[in-house]
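The block underneath contains the structure these notes are about, expressed in C-alpha cells.
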Amino acid sequence: MEWDKLKVCNGNENGFLTNCNLGLQWSMPEENSNYKRGLFANVGQVGFSGGVSPNPSNPKDNEGGFKLPCMDLYVKYVSSPEGFKIVGIPENEKTAKKKKSSLKLKIKVANPSLRRLISGAIAGAVSRTAVAPLETIRTHLMVGSSGHSSTEVFKEIMKTDGWTGLFCGNLINVIRVAPSKAIELLTYDTVNKLLSTKQGEQPKVPIPPSLIAGACAGVSSTILTYPLELVKTRLTIQRGVYNGIVDAFVKIIREEGASELYRGLAPSLIGVIPYAATNYCAYDTLRKAYRKFFKQEKIGNIETLLIGSLAGAISSTATFPLEVARKHMQAGAVSGKVYKNVLHALATILEQEGVQGLYRGLGPSCVKLMPAAGISFMCYEACKRILVEDEDEA
C-alpha cells in the first residue's frame with residue numbers, strides 16, 4: 001500500500017493546509033467505505049469525517065502527483081493533526097492502560113480507630129529507626145557521659161562499640177515508640193475531630209482544638225509507655241550492665257523497686273504537654289496555611305515531610321530545657337546526682353552549667369527531631385491513604 005502518496009491539488013478543492021493555492025488533499029470517504037480503516041479515524045471535534053485513503057480507488061488520481069520522501073517515518077513519529085486519533089488502540093484499551101498505570105496499594109480496614117493505630121505504629125517505627133544514631137548521640141550529650149560535643153560522642157561510641165553502638169537500644173526504642181505513636185496519633189485525631197467545627201459554626205472551645213488534642217495525645221502516650229522509655233535510656237547509657245530488655249526490667253525492679261520505672265514521669269508529663277501541644281498545633285496550622293496559600297486541598301508527601309519537620313523544630317526549641325531535666329532525672333542513679341523534682345533539676349543545671357547547660361544538645365536534638373517528626377507525619381498520612389474504609393476507595 002502506497003500510503004505515502006498524496007496528491008497536490010488546488011486550494012479550491014476539498015483539501016486543507018493551503019499555501020500559495022497548494023494543499024494536501026484528504027479524500028472524503030463514503031459512509032460504508034473501507035477508508036474508515038485508514039490511518040486516521042473520524043474527527044468528532046470538528047464535526048466532519050476525513051481520512052487518508054491508503055488505497056486510492058482510482059489509480060489515475062496518482063497521475064501527475066509526487067511521492068513525499070520518508071513518509072512512513074513521518075506517519076510513525078510525527079503527531080497527527082489535532083482532532084484525529086490514530087487507529088490501532090481502541091479507546092477502552094487506552095482507558096484500561098491508564099487506570100492500570102495509576103493503580104495504588106489500598107488495604108481495607110473498616111474500623112477507623114484501627115486504621116489510625118496501625119498508621120501511627122508504622123510511622124513511629126520507621127521514623128525512629130531512621131534517626132536512631134542521632135538519638136543515641138543526643139542522649140549521651142545530654143547527660144555528658146561520653147563527651148561534650150557531637151563529634152566527641154560519636155568518636156567515643158565508634159571506639160567503644162563500633163557502628164552497632166549507634167543503634168544501641170533501638171529495639172526497645174521501636175518497641176516503645178510504635179505503640180506510643182499509635183496511641184498518640186489516635187488520641188490526637190479523635191480529640192481534634194470531636195473539638196473541630198465546620199465552617200460557619202460556633203467554636204466548641206476558645207483555643208485551637210489541635211492544641212488541646214496534642215496535649216491529650218502526649219499525656220496518654222507518655223503514661224502508657226513511660227517504663228519502656230526509662231529502660232531504653234538505661235540500655236543506651238549503661239552499656240554492658242543489662243543483657244536485654246527483659247533483664248533490664250528485672251534488675252531495675254529487683255534492685256531499685258518498681259517505682260523506679262516511673263522515675264522522672266512528672267517532668268516528662270510537664271515536658272510532653274507543651275511539646276506535643278505545640279508540635280501538633282504547629283503542624284495543623286502550617287497545613288492550613290499551605291492549603292490557603294497554594295489553594296489546594298491535597299498535600300503531597302514531600303510537603304508533609306517539610307511541614308512536619310518545621311513543626312518538630314518549633315516544639316523542640318520551645319520545650320528543650322524540660323527535656324534536659326527529664327534525662328538528668330532518669331540517669332540520676334547512674335550519675336550519682338539526685339534531684340528532688342523538675343524545678344530542682346533545672347536550678348541545679350542552671351547553677352552548675354549556666355543557661356547553655358539547659359540547651360546542651362539542642363543542635364543534634366533538632367537534627368534528630370526534625371526529620372523524625374517529618375518522617376512520622378509523612379508515613380502516617382501515607383498509611384491513612386493506603387488503609388481505606390471501603391473497597392470502593394481502593
Side-chain angles (χ1 to χ4, degrees), residues 113-114 116-125 127-128 135 139 142 169 171-195 205 207 209-236 245-246 248-250 252-253 256-281 283 312 315-316 318-333 339-346 369 372-373 376-377 380:
S113 298
L114 183 59
R116 292 167 184 163
L117 282 172
I118 296 174
S119 300
I122 295 174
S127 63
R128 293 299 172 177
E135 167 69 9
T139 302
M142 279 183 176
L171 178 59
I172 184 66
N173 201 16
V174 170
I175 294 175
R176 177 190 68 84
V177 168
S180 174
K181 206 67 179 178
I183 296 170
E184 184 177 308
L185 289 167
L186 170 64
T187 305
Y188 169 74
D189 268 352
T190 303
V191 176
N192 190 45
K193 186 176 181 180
L194 290 174
L195 297 179
V205 289
I207 59 178
S210 58
L211 199 65
I212 300 176
C216 294
V219 170
S220 60
S221 64
T222 300
I223 292 176
L224 293 175
T225 62
Y226 187 79
L228 290 173
E229 166 69 11
L230 183 134
V231 170
K232 189 268 299 182
T233 302
R234 292 290 187 91
L235 286 172
T236 302
I245 301 172
V246 177
F249 268 108
V250 172
I252 291 173
I253 294 175
E256 305 176 44
S259 60
E260 186 67 20
L261 293 175
Y262 285 92
R263 177 184 290 273
L265 177 61
S268 293
L269 289 175
I270 295 174
V272 78
I273 290 175
Y275 175 80
T278 54
N279 185 33
Y280 284 102
C281 184
Y283 176 72
S315 57
S316 177
T319 62
F320 193 74
L322 292 173
E323 176 72 4
V324 173
R326 182 171 69 92
K327 291 294 183 182
H328 274 269
M329 293 186 71
Q330 286 180 340
Y339 303 102
K340 299 178 181 179
N341 49 51
V342 63
L343 293 178
H344 181 229
L346 289 172
L369 287 175
S376 177
F377 281 119
Y380 180 65

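Residues: numbered from 1 along the sequence shown. Note that the coordinates shown come from a computational prediction; the quantities given were computed from them, not determined experimentally. Excluded from the calculations below are hydrogen atoms, water molecules and symmetry mates; all remaining heavy atoms, backbone and side chain alike, are included.
In this structure, Y262 and Y226 have parallel ring planes: the angle between them is below the 30° cut-off, well short of the 60° mark.
Summarising the geometry of L211 relative to T278, their closest heavy-atom pair is CD1-N, 4.4 Å, with the distance given to 0.1 Å. Between I175 and P179 the shortest heavy-atom distance is O-CD, 2.8 Å. Of all the heavy atoms in V177 and R128, the pair that sits closest is CG1-CG, 3.1 Å. Of all heavy-atom pairs between L117 and A182, the closest is O-CB, 3.2 Å. Listed here is the closest heavy atom pair of S210 and N192: N-OD1, 3.4 Å. Considering every non-hydrogen atom in both H344 and Y339, the closest pair reads ND1-CA, 3.4 Å.
For D189 and Y380, the side-chain atoms include at least one donor-acceptor pair closer than 3.5 Å.
The structure places CD1 of I212 at 10.0 Å from SG of C281, a figure rounded to the nearest 0.5 Å. Considering CG of L195 and CD1 of I207, their distance stands at 9.0 Å, rounded to 0.5 Å. Here the OG atom belonging to S119 is positioned 13.0 Å from the NZ atom belonging to K181, to the nearest 0.5 angstrom. Separation of atoms CD1 (I118) and CG (L186) is listed at 11.5 Å; rounding is to 0.5 Å. Summarising the geometry, atom CD belonging to E184 is positioned 7.5 Å from atom OG belonging to S376; distances are rounded to the nearest 0.5 Å. One finds the CD1 atom of I253 at 5.0 Å from the CG atom of L261 (value rounded to the nearest 0.5 Å).
Proximity of L322 to L346: side-chain heavy atoms (C-beta onward) are separated by under 4.5 Å at one or more points. A heavy-atom distance below 4.5 Å is not found between the side chains of L171 and L235.
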field: Stepwise salt bridge (charged side-chain N to carboxylate O under 4.0 Å, His left out) check, R234 with E260
entry: CA-CA 12 Å; R234 292 290 187 91; E260 186 67 20; 3.0 Å; yes

message: I'd like to know whether F249 forms a side-chain contact (heavy atoms from CB on, under 4.5 Å) with L230, so could you lay out the CA-CA distance, the side-chain angles of the two residues, the decisive distance to 0.1 Å, and finally the verdict.
response: CA-CA 10 Å; F249 268 108; L230 183 134; over 6 Å; no

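Aromatic pair Y280/Y275: centroids not less than 6.0 angstrom apart.
Side-chain atoms of T222 do not come within 3.5 Å of backbone N or O of V219 as any donor-acceptor pair. Between the S127 side chain and the G124 main chain, a donor and an acceptor come within less than 3.5 Å of each other.
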